[in-house]
Amino acid sequence: MTFNKEDFLRRVSENRPTRWVRFGLVMLLYILWVAWMGNWWLLLGGILLFDIYITGYIPFTWWKKSKNKTVRSVMSWVDAIVYALVLVYFVFAFLGQNYQIPSSSLEKTLLTGDYLFVNKTVYGPRVPMTPVYFPLVHNEMPFGLGKSYLDHPSVGYKRLKGQRDVEWGDIVVFNFPAGDTVMSKVTNPDYYSLVSMHGRDRVLGDKATFGEQIYRPVDRRENYVKRCVGLPGQRIRIADGIIYIDGEAMPTPADAQFNYFYQVNGAPLTDEEFEALGIAVDDRHAIDVSPADIPGLISLGFKVNDNGSVPRVYISPLTDTMVKEMEQSGRFAKLMKDEPQPETVLSLFPEGVSADWTRADYGGDSGLWIPKKGTALKMDQAAWNIYGRCIRVYEDNPTAEFRDGKLYIDGKPRDYYAFKMDYYFMMGDNRDNSLDSRYWGFVPEDHIVGTPWRVLISFDKDKGIFDGGIRWNRVFRDANPDK
């Protein structure tokens, strides 16, 4: 194809002024995006935009000249849908997107059924690592149609300039670090937890129960939302539920919850009473008391009737405000905070080091150091037990191993290892009912998605739509109220 100057000038001159205005606005936005990306080679894409809006050499709108009315009608819808999907792709990738709270790990700060808008510009959006994907779903297409993305091409981690770094106390949305490997039929708990519970041979061999093993790239792993309670370079320790950073006690969020046992005076609690207390249906756990339990209950100060019967005892996650209201109500004979015991089903992180730790007393005497980019750490067996997965998996050193008392990468010994990324420690506000960094470890910076901005709408799954199912008081509420 040869360039025809007269044809080019004709195509340019035939455009209306409004067409030039539309092209100018689109081109301005495109140039700003290229500057944000920091790759001026992308300006070559402006040639395509010029052709789409001005010259029309590529016949994208061929269907407008079709004599077939059906073709024009169908293609007009296709054109509109494609345009919308491209726009959604860029908005979701670089500005923000909606996110649903699926669990109670952050209650009462964020509630199950909250739909959030997650702002990606605060920390700076990641350039999509798996750029070819369907923008309206995360990793699986509906109706069992398979993956929503292509593994190739893939792009290395790059984060564009944001407004600020992650701060202590931020509520953060991130890709689940342990979600690199999942089983197709059982995605929760994660693959590593399943192996810990059932053994690797059973998980991989019992395909009828667990399905196939699937690897997911970083940005296609499940989205989690937790509160950041540990920043790069800090040392975190938890004692009696209080978080200590570098030896200093940190404030507990007002809406943080801990498990409490509580016993009623008189008849069991009604649904209306639970509702008034703010205790969700899923959190109303009655305790079965056997005769053998009675001496222990008496020693703890619980009430036992003269006839040997025991007024109903419950366990639920409660905030400090809820506890104070219950103490003052006169409805309760006893309230007692639960004391978590060492885990028997799921191990705390790091496995093999945390045997005597609990959710409420975590990190040992000296606490757990959170890796910081550029910091060189002397590698011994203890350090490898804690940071081995970070080095091998998150920092892409698949050959890394610890043997003969030394770290080896690509067969070469190293006394120290300098981390390539920053890491964070995340926890839920529902402290005794949250699977978080205490169980699966640090969150690498390349897994950070963004921070919730507003609650768009909230649905109570225990109520009908026309019976209080929509929580109108939460619509457009600040999703990070403690900041």
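Computation of the quantities below employed the complete heavy-atom set of this structure, encompassing side-chain atoms and omitting hydrogens, waters and symmetry-equivalent molecules. Not measured: the values here are computed from a predicted model.
- Remark: aromatic rings of Trp33 and Phe90 are close, center separation under 6.0 Å.
- Between the side chains of Ser66 and Asn68, no donor-acceptor pair of N or O atoms lies under 3.5 Å.
- Relative ring orientation between Phe419 and Trp369 is described as tilted, the plane-to-plane angle lying within the 30° to 60° band.
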Q) Can you list the steps and then say if Lys147 with Asp151 is a salt bridge (Lys or Arg N to Asp or Glu O under 4.0 Å)? A) CA-CA 9 Å; Lys147 297 191 301 185; Asp151 292 302; 2.4 Å; yes

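- Annotation for Asn397 and Ile391: closest pair ND2-O, 3.0 Å, computed over non-hydrogen atoms.
- Side-chain atoms of Glu212 and Met183, non-hydrogen and from C-beta on, never get closer than 4.5 Å to each other.
- A pairwise comparison of heavy atoms in Ser196 and Glu351 identifies OG-OE2, 4.4 Å as the closest pair.
- The existence of a salt bridge linking Asp271 and Arg284 is confirmed by a sub-4.0 Å separation between a basic side-chain nitrogen and an acidic carboxylate oxygen.
- The shortest side-chain heavy-atom distance between Glu395 and Lys420 falls under the 4.5 Å cut-off.
- When the options Tyr394, Phe174, Tyr424, Tyr123 are evaluated for a ring pair (Phe, Tyr, Trp, His ring centres under 6.0 Å) with His447, the one that passes is Tyr394.
- Classified by interplanar angle (parallel below 30°, tilted 30° to 60°, perpendicular above 60°), the ring pair Phe23/Tyr53 is tilted.
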Q: Quick one: do Asp436 and Arg227 satisfy salt bridge (Lys or Arg N to Asp or Glu O under 4.0 Å)? Show the steps, please.
A: CA-CA 10 Å; Asp436 47 39; Arg227 189 182 297 276; over 6 Å; no

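- Classified by interplanar angle (parallel below 30°, tilted 30° to 60°, perpendicular above 60°), the ring pair Trp357/Tyr362 is perpendicular.
- Separation of the Phe442 and Phe349 ring centroids falls under the 6.0 Å cut-off.
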Q: Report the C-alpha separation of Arg359 and Glu343 in whole Å, then their side-chain angles, then the decisive distance to 0.1 Å, and conclude whether the salt bridge (Lys or Arg N to Asp or Glu O under 4.0 Å) test is met.
A: CA-CA 8 Å; Arg359 298 188 303 270; Glu343 300 288 335; 3.0 Å; yes

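- For the pair Glu140 and Arg216, the salt-bridge criterion is met [side-chain N within less than 4.0 Å of a carboxylate O].
- Side-chain contact between Asn98 and Val118 is absent, with no heavy-atom pair separated by less than 4.5 Å.
- A donor-acceptor pair shorter than 3.5 Å can be found between the side chains of Arg159 and Tyr157.
- By the 30° and 60° cut-offs, the orientation of the rings of Phe176 relative to Trp440 is perpendicular.
- Contact annotation: the side chain of Thr112 approaches that of Glu107 to within less than 4.5 Å [non-hydrogen atoms, C-beta and beyond].
- Within the structure, salt bridge (charged side-chain N to carboxylate O under 4.0 Å, His left out) pairs that include any residue of residues 166-184 comprise Arg164-Glu167, Arg164-Asp170, Glu167-Lys483, Asp170-Lys483, Asp180-Arg389 (at least two apart or interchain).
- Under the side chain to side chain contact (heavy atoms under 4.5 Å, CB included) criterion, Tyr89 pairs with Pro128, Pro131, Tyr133, Pro135, not counting sequence neighbours.
- Ring geometry, Phe117 versus Trp453: the interplanar angle exceeds 60°, so the pair is classed perpendicular (tilted spans 30 to 60°).
- Taking 4.0 Å as the cut-off between side-chain N and carboxylate O, Arg10 and Glu6 do not count as a salt-bridged pair.
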